[in-house]
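A short write-up of the structure that comes next.
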Amino acid sequence: MMAPTLENSTESSPPSLATLAPIQAVLFDVDGTLCDSDPLHYYAFREMLLEIGYNGSVPVDEEWFIKTIAGKHNDDIASALFPDDQERGLKFCDEKEAMFRRLVKDQLKPIDGLYKVKKWIEDRGLKRAAVTNAPRLNAELMIEILGLKDFFDVIIIGSECERAKPYPDPYLKALELLKVSKDHTFIFEDSFSGITAGVAAEMPVVGLATRNPPHVLMEAKPAFLIKDYEDSKLWTALEEIDKKSGATTTRV
């Protein structure tokens, strides 16, 4: 899968996050936000759908994947793939997730700059949660491979909430469990569904244009978009937070 370009997709001066100071917590999606996992999901879906003759035995393309799969919960994916047989769709998704877990063990890579922003968060004693529509087995495996098992205070799974993303429920549950305010928390997300959920939960969302087209992500109204965690726009925003708070944020 080709990574999109951010050229002409964002304002030169993104909206400030400084109004959130003092920051209490940072929330992360997992797939496409912590790691560049979409190519592995795409490969698994493409190969397994080809095996069953889906789409007239024509391999699905990346545009189809982004529109139909990326960021969505497996219940919704099952309905999209097999609208007349939800049970078959869910079974297919379970088998696909097993294939993904086999692939991910040797091929998972962090988003550039992830460990730099991790250190920024740790140095300020902020609370943190992973909030994802991925199955728990997937999420925990990816987090462990990335060396983040002890980083997150809690992992929120969409299917374990009343409603998954794009509804705000998973992010609201994270706030509740971390005992923090939405007025002092922001989110990192990479999909239209995830950004929509974060905005609905009334928190600023920093969007990552990892694989999804920037113009699609902007429709969900993120605070701004970044290419990865090395992006200068992000560090300008974090420096503003530090100036506003005096860089004295402590763990609550």
Side-chain angles (χ1 to χ4, degrees), residues 1-20 26-46 49 55 58-74 76-77 79-81 109-114 117 131-134 158 163-168 170-171 185-238 240:
M1 295 178 71
M2 295 293 292
T5 175
L6 278 179
E7 194 172 328
N8 298 324
S9 65
T10 59
E11 300 175 4
S12 57
S13 299
S16 175
L17 299 178
T19 56
L20 300 173
V26 182
L27 311 180
F28 291 82
D29 176 47
V30 176
D31 282 296
T33 300
L34 297 178
C35 49
D36 189 12
S37 51
D38 270 359
L40 302 179
H41 285 291
Y42 170 56
Y43 175 83
F45 271 110
R46 187 188 67 198
L49 289 171
N55 194 37
V58 176
V60 296
D61 60 18
E62 294 177 20
E63 183 178 355
W64 176 92
F65 175 84
I66 290 170
K67 181 179 179 180
T68 311
I69 304 295
K72 294 184 171 62
H73 187 264
N74 274 352
D76 298 322
I77 294 171
S79 296
L81 294 178
K109 296 180 180 179
I111 299 296
D112 289 346
L114 174 65
V117 80
V131 183
T132 177
N133 271 353
R163 300 175 299 180
K165 303 175 194 177
Y167 294 98
Y171 280 116
T185 301
F186 70 94
I187 296 167
F188 286 112
E189 266 283 2
D190 79 301
S191 70
F192 180 88
S193 172
I195 294 172
T196 299
V199 171
E202 299 183 331
M203 285 176 278
V205 181
V206 178
L208 281 94
T210 310
R211 296 287 172 179
N212 293 305
H215 72 275
V216 172
L217 298 180
M218 289 303 294
E219 290 176 4
K221 303 188 184 309
F224 56 94
L225 293 185
I226 57 175
K227 178 183 177 183
D228 53 39
Y229 298 109
E230 297 282 4
D231 197 310
S232 61
K233 290 193 296 296
L234 172 62
W235 291 97
T236 296
L238 297 184
E240 289 177 353

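When reading the values below, keep in mind they use all heavy atoms of this one structure, side chains included, and skip hydrogens, waters and symmetry mates.
- Remark: E202 engages K182 in a side-chain contact (heavy atoms from CB on, under 4.5 Å) (not counting sequence neighbours).
- Here the shortest heavy-atom pairing between D231 and K233 reads OD1-N, 2.9 Å.
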Determine whether F45 and L81 satisfy the following criterion, side-chain contact (heavy atoms from CB on, under 4.5 Å), listing intermediate values before the conclusion. CA-CA 11 Å; F45 271 110; L81 294 178; 4.1 Å; yes
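- Across L217 and A209, no two heavy atoms sit closer than the pair CD1-CA, 3.9 Å.
- The two residues G194 and S191 have their closest heavy-atom pair at N-OG, 2.9 Å.
- Using a 4.5 Å cut-off on side-chain heavy atoms (C-beta onward), Y171 and V205 make no contact.
- Annotation: salt bridge (Lys or Arg N to Asp or Glu O under 4.0 Å) contacts of D29 (sequence neighbours excluded): K165.
- When all heavy atoms are compared, the tightest approach of L17 to A223 is CD2-CB, 4.4 Å.
- Of the possible polar contacts, none joining the N74 side chain to the I77 backbone as a donor-acceptor pair under 3.5 Å is found.
- Side-chain contact check for F224 versus V206: some heavy-atom pair is nearer than 4.5 Å.
- H73 contributes atom NE2, which lies 13.5 Å from atom CZ of R163 (distance to the nearest 0.5 angstrom).
- Residues that satisfy the side-chain contact (heavy atoms from CB on, under 4.5 Å) test with A200, not counting sequence neighbours, are P168.
- Taking CG of L20 as the start and CD of E240 as the end, the distance is 11.5 Å to the nearest 0.5 Å.
- Applying the ring pair (Phe, Tyr, Trp, His ring centres under 6.0 Å) rule to H41 yields the partners F100; only residues at least two apart in sequence or on another chain are considered.
- Remark: L225 CG to E189 CD distance equals 12.0 Å, nearest 0.5 Å.
- Inter-residue side-chain proximity for D190 and D38 is flagged as met; some heavy-atom pair is nearer than 4.5 Å.
- Taking CD1 from I69 and CG from L49, the interatomic distance works out to 7.5 Å, rounded to the nearest 0.5 Å.
- Applying the salt bridge (Lys or Arg N to Asp or Glu O under 4.0 Å) criterion to D36, with sequence neighbours excluded, gives R211.
- The two residues V131 and P170 come nearest to each other via the heavy atoms CG1-CB, 3.5 Å.
- Between the Y42 side chain and the I66 main chain, no donor and acceptor come within less than 3.5 Å of each other.
- Partners of Y229 by side-chain contact (heavy atoms from CB on, under 4.5 Å), not counting sequence neighbours, listed by chain and number: F28, T33, I111, L114, V117, F188, L208, I226, L234.
- For the pair T185 and P204, the tightest heavy-atom approach, listed with the atom from each and the gap, is O-CD, 3.6 Å.
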